[in-house]
Undergrad: 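The following block contains the structure, expressed as structure tokens.
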Amino acid sequence: VVVSCRKYEGWEISWPQAYKRLLTLLNCIDTYKPIKSIDYFVTDTFHAKNSDNALLSKNLFKSHQQIPDFLLSYDDPRWDFSQGQFRNHKGIGQILVRVEGRGIIQGDHTLVSINNVHSHRFKAPLQSLKDIIDTSTLSNDFNIFHDMNKDFLRGILDDDLLVRMRLKEGA
């Protein structure tokens, strides 16, 4: 089951709408279908003129265990990587955190997409959708994922980009 938001207007606006749609969808499927994970997927996209060099990977990322070292000195706007690792979160247990990024040239512009996935992989499948809905697992996980994603971006992205994304105050 997937609910997608293409125009993000802030978590306080987007999440209640997505949650309502998600519950509607969940009520349409077999309530006793086992649930193995809950995933949160975010894509950030950027574009700039090639001549600006703003979207070279070395201008976007900072040193982090999930960012390949070669990207920090790479001079070509065409790049691609994918990394993931499990992290423990005291509130919900193990979460798979994946980041995928790519830069491409399209005409006289460089286009970049950065995808982040946070996935709560249950140790044992939940036996029904009611387990998620009745225990507030769904809302709790997504609120945690949202906060984790912002923290993750603050850890991997250059400070200037974070300011432009309003994830950090300007100097």
Side-chain angles (χ1 to χ4, degrees), residues 1-31 33-48 54-55 57 60-62 64 66-67 79-87 89 91-104 106 109-122 125-126 128-170:
V1 175
V2 175
V3 173
S4 179
C5 172
R6 297 285 183 208
K7 185 178 177 188
Y8 184 73
E9 301 176 272
W11 186 247
E12 297 76 24
I13 294 170
S14 297
W15 171 239
Q17 293 174 13
Y19 183 69
K20 181 179 175 183
R21 292 179 185 142
L22 190 53
L23 288 180
T24 300
L25 288 170
L26 291 176
N27 285 320
C28 294
I29 62 176
D30 181 0
T31 58
K33 188 168 186 71
I35 308 299
K36 297 180 181 178
S37 70
I38 296 174
D39 297 350
Y40 174 84
F41 187 92
V42 177
T43 300
D44 291 299
T45 56
F46 311 95
H47 62 89
L55 297 180
S57 58
L60 294 174
F61 299 105
K62 54 189 169 189
H64 186 274
Q66 281 191 248
I67 301 299
W79 47 270
D80 191 293
F81 78 98
S82 178
Q83 299 277 23
Q85 72 180 67
F86 282 94
R87 296 185 178 180
H89 186 278
I92 55 179
Q94 278 204 336
I95 296 173
L96 175 62
V97 179
R98 290 193 52 76
V99 60
E100 299 172 348
R102 65 197 40 84
I104 63 169
Q106 193 171 53
H109 280 78
T110 300
L111 304 174
V112 166
S113 67
I114 301 170
N115 302 312
N116 300 311
V117 179
H118 292 72
S119 180
H120 180 179
R121 306 283 173 101
F122 301 116
L126 298 179
S128 78
L129 293 172
K130 292 181 189 249
D131 291 343
I132 291 176
I133 297 167
D134 294 346
T135 62
S136 301
T137 299
L138 191 64
S139 189
N140 183 58
D141 278 12
F142 276 96
N143 282 310
I144 289 170
F145 291 159
H146 174 72
D147 292 342
M148 285 182 72
N149 185 61
K150 286 186 180 275
D151 288 342
F152 182 69
L153 290 174
R154 287 182 187 108
I156 67 169
L157 296 178
D158 179 77
D159 288 342
D160 290 336
L161 182 56
L162 292 171
V163 170
R164 289 196 310 263
M165 294 174 70
R166 292 179 287 208
L167 292 174
K168 182 177 182 172
E169 301 239 352

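Start at 1 with the first residue, then count along the sequence.
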Undergrad: What is the distance from atom CG of Leu138 to atom CG of Leu23, rounded to the nearest 0.5 Å?
TA: 6.5 Å
Undergrad: Minimum heavy-atom separation for Met148 and Val97, please, with both atom names.
TA: CE-CG2, 4.2 Å
Undergrad: For the pair Ile114 and Val99, evaluate side chain to side chain contact (heavy atoms under 4.5 Å, CB included) and give the outcome as yes or no after the intermediate values.
TA: CA-CA 7 Å; Ile114 301 170; Val99 60; 4.0 Å; yes
Undergrad: For Arg21, enumerate each residue passing the salt bridge (charged side-chain N to carboxylate O under 4.0 Å, His left out) test, keeping only those at least two apart in sequence or located in another chain.
TA: none
Undergrad: Identify, with sequence neighbours excluded, every residue that meets side chain to side chain donor-acceptor pair (under 3.5 Å) alongside His146.
TA: Tyr40
Undergrad: Only counting residues at least two apart or in another chain, list the ones meeting side chain to side chain contact (heavy atoms under 4.5 Å, CB included) with Leu25.
TA: Val1, Val3
Undergrad: Please identify each residue that fulfils side chain to side chain donor-acceptor pair (under 3.5 Å) with Arg87, with sequence neighbours left out.
TA: Gln66
Undergrad: For Asp147, what residues pass the side chain to side chain donor-acceptor pair (under 3.5 Å) criterion, not counting sequence neighbours?
TA: none
Undergrad: Can you name the side chain to side chain contact (heavy atoms under 4.5 Å, CB included) partners of Glu9, sequence neighbours left out?
TA: Lys7, Ile13
Undergrad: Among all residues two or more places apart in sequence or in another chain, which pass the side chain to side chain contact (heavy atoms under 4.5 Å, CB included) test with Asp160?
TA: Asp158, Arg164
Undergrad: About how many Å separate CD1 of Ile95 and NE2 of His89, when rounded to the nearest 0.5 Å?
TA: 5.5 Å
Undergrad: For the residue pair Leu55 and Thr110, what are the closest heavy atoms and their distance?
TA: CD1-O, 3.3 Å
Undergrad: In chain order, what residues pass the side chain to side chain contact (heavy atoms under 4.5 Å, CB included) check against Thr43, with sequence neighbours excluded?
TA: Phe41, Thr45, Ser113, Asn115
Undergrad: Show the nearest heavy-atom pair for residues Asp141 and His120, with the distance to one decimal.
TA: OD2-ND1, 2.6 Å
Undergrad: Look at the rings of Trp15 and Tyr19 and say which category their plane angle falls in: under 30° parallel, 30 to 60° tilted, over 60° perpendicular.
TA: tilted
Undergrad: With His118, which residues qualify under ring-ring contact (aromatic ring centres under 6.0 Å, His included), at least two apart?
TA: none
Undergrad: Has Asn143 got a side-chain atom pairing as donor or acceptor with Ser139's backbone, closer than 3.5 angstrom?
TA: yes
Undergrad: If I compare all heavy atoms of Ser37 with all of Arg121, which pair ends up nearest, and what's the gap?
TA: CB-CD, 3.8 Å
Undergrad: Do Tyr8 and Val42 pass the side chain to side chain contact (heavy atoms under 4.5 Å, CB included) test, and can you show the C-alpha distance, the side-chain angles, and the key distance before you say yes or no?
TA: CA-CA 10 Å; Tyr8 184 73; Val42 177; over 6 Å; no
Undergrad: List for me each residue that meets salt bridge (charged side-chain N to carboxylate O under 4.0 Å, His left out) alongside Asp159, sequence neighbours excluded, and say none if there are none.
TA: Lys62, Lys168
Undergrad: Would you name the heavy atoms of Leu162 and Leu157 that are closest together and state the gap between them?
TA: CD1-O, 3.5 Å
Undergrad: Apply ring-ring contact (aromatic ring centres under 6.0 Å, His included) to Phe81 and list each qualifying residue two or more places apart in sequence or on a separate chain.
TA: Phe61
Undergrad: Enter the distance from Phe46:CZ to Leu60:CG here, rounded to the nearest 0.5 Å.
TA: 7.0 Å
Undergrad: Quick check for you: to the nearest 0.5 Å, what is the distance between Gln83 atom CD and Glu100 atom CD?
TA: 10.5 Å
Undergrad: Which residues pass the side chain to side chain donor-acceptor pair (under 3.5 Å) test with Ser82, sequence neighbours left out?
TA: Arg98
Undergrad: Please confirm whether His64 and Phe152 have ring centers closer than 6.0 angstrom.
TA: yes
Undergrad: Nearest heavy-atom pair of Arg154 and Leu167: which atoms, and what distance?
TA: NE-O, 2.9 Å
